[in-house]
Amino acid sequence: MARKKLALIGAGQIGGTLAHLIGLKELGDVTLFDVAESMPAGKALDLVESSPVSGFNAAFTGTNDYAGIEGADVVIVTAGIPRKPGMSRDDLLNTNAGVMKAVGESIKRYCPDAFVICITNPLDAMVWVLQQVAGLPAQKVVGMAGVLDSARFRYFLAEEFKVSVEDVTAFVLGGHGDSMVPLVRYSTVAGIPLPDLVKMGWTTKEKLDSIVQRTRDGGAEIVSLLKTGSAFYAPAASAVQMAESYLKDQRRVLPCAAQLTGQYGVSGLYVGVPTVIGAAGVEKIIEIELASDEKAAFDKSVAAVKSLCDAVKL
Ligand code: TXD
């Protein structure tokens, strides 16, 4: 069977890390695209020269011509500008919306059957623009944020409980912004919900609240430490997990920005919700029962996403 093809639109910090992880997991051939002259070709060559050492077989190419993404099975979009210290995710809105328009038109032209994962910020608005411009079915276009936000939440919880990160599950709903909704009630250590762990004396409500806030501020914490650029290792690992679930039909239950068509009382917006990702893309949107305070927080997050989308000028 021919190797799959993954096109990475944006070959910067996340794009290069995506390519490396895809190679190490031998998910398929990789085409890196960027507007930066010859940089994608340089990264592709450097990466594929690592293949004899790391033991993977794949063709890696870099291009400044969108035609290079022709026939891609998966497209991962990081094109645009990242945040600088003091900038909010929302400050990137119209610059990156313009980039998404060009990217969407190229996907429509060269690989309309692809599964598209958008990473570019402000994520919930960018994936919405991308799907509209590309004209692909909504179940084939998702945003990566929830896997990253829940990974951060899971890591902080594992640190607090001194248990393996693999035994911590976490639920994060809503937009990829300060209003994201980490759901304590549905997050667990080996199936034991966090509220029970408080009763068992493993932690306190105050500690959990500070972990929730640190999760919300996860991106800003990295940005302030790096001084230039934003997080890229965990975002790349998160998007690769989504791509792998699609390519291998794993049907992972992953929090993604998916287009809602009435679920949670929302229509026509992309919001972070639990989804099942398989060979058909978003195969299911899981609609959980929210308590009144959780619903209020979710609705606030949806309102923040809507105001971002309303502010997009294409
Ligand atoms: O969870 C999430 N979704 C977020 C997303 C997590 C972290 C970072 N988040 C966002 O991803 C970030 O705010 C940016 O919007 C993207 C990409 O972040 P990255 O750190 O990879 O940014 P870089 O290193 O600046 O890479 C962006 C590349 C860069 O090489 C530019 O030359 C290229 O995008 N670029 C373009 N490529 C194609 N077409 C156009 N128009 C273009 N403009 C810039």
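When a ligand or atom number is given, it counts from 1 through the structure's own listing order.
Judged purely by atom type and a 3.5 angstrom limit, E283 uses its side chain to pair as donor or acceptor with the backbone of A280. Put simply, the side chain of S179 never gets that close to the backbone of G175: no donor and acceptor are under 3.5 Å apart.
With salt bridges taken as basic N to acidic carboxylate O contacts below 4.0 Å, none links R109 and E105. Salt bridge status for D29 with R3: present, with a side-chain N to carboxylate O gap under 4.0 Å. A salt bridge links D249 with R251: at least one charged nitrogen is closer than 4.0 Å to a carboxylate oxygen.
Set against the non-hydrogen atoms of V99, the atoms of ligand 1 under 4.0 Å away are 40 (C), 41 (N). For ligand 1, the atoms closer than 4.0 angstrom to any heavy atom of L92 are 13 (O). Within ligand 1, counting atoms from 1 as listed, the ones closer than 4.0 Å to a heavy atom of M39 are 30 (O). Every atom of ligand 1 is numbered from 1 in the order shown, and the set under 4.0 Å from a heavy atom of P235 is 6 (C), 7 (C). When each atom of ligand 1 is checked for a heavy atom of F33 under 4.0 Å away, the hits are 38 (C). Heavy-atom contacts of G12 reach the following atoms of ligand 1: 24 (O), 26 (O), 30 (O) (cutoff under 4.0 Å). Heavy-atom proximity to S230, at under 4.0 Å, picks out these atoms of ligand 1: 8 (C).
In summary, of the residues considered (V141, I119, L130), a side chain to side chain contact (heavy atoms under 4.5 Å, CB included) with V77 occurs for L130 alone.
Annotation: side chain of T203 is in contact with side chain of L208 (closest heavy-atom distance under 4.5 Å). Proximity of W128 to C118: side-chain heavy atoms (C-beta onward) are nowhere separated by under 4.5 Å.
Residue-to-ligand polar distances keep A145 apart from ligand 1: every N/O pair is separated by 3.5 Å or more. Checking only distances, L123 never comes within under 3.5 Å of ligand 1, N or O to N or O. Residue I14 has at least one nitrogen or oxygen atom sitting less than 3.5 Å from a nitrogen or oxygen atom of ligand 1, judged on distance alone.
Between A231 and ligand 1 there is a heavy-atom distance shorter than 4.0 Å. The shell of residues lying under 4.0 angstrom from ligand 1, judged by heavy atoms, excludes G229. In this structure, M126 falls outside the shell of residues with a heavy atom less than 4.0 angstrom from ligand 1.
For the residues T95, D149, D34, the heavy atom positioned nearest atom 28 (C) of ligand 1 is part of D34. Across the listed options K101, M144, Q13, M144 owns the non-hydrogen atom lying nearest to atom 3 (N) of ligand 1.
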If you apply the rule side chain to side chain donor-acceptor pair (under 3.5 Å), what do you find for T78 with T120, and how did you get there?
CA-CA 5 Å; T78 60; T120 302; 5.7 Å; no
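Ring geometry, Y66 versus F33: the interplanar angle falls under 30°, so the pair is classed parallel (tilted spans 30 to 60°).
Side-chain polar atoms of T261 and S267 form no donor-acceptor pair below 3.5 angstrom.
Heavy atoms of N96 found under 4.0 angstrom from ligand 1 belong exclusively to the side chain. In L148, the part holding a heavy atom less than 4.0 Å from any atom of ligand 1 is the side chain.
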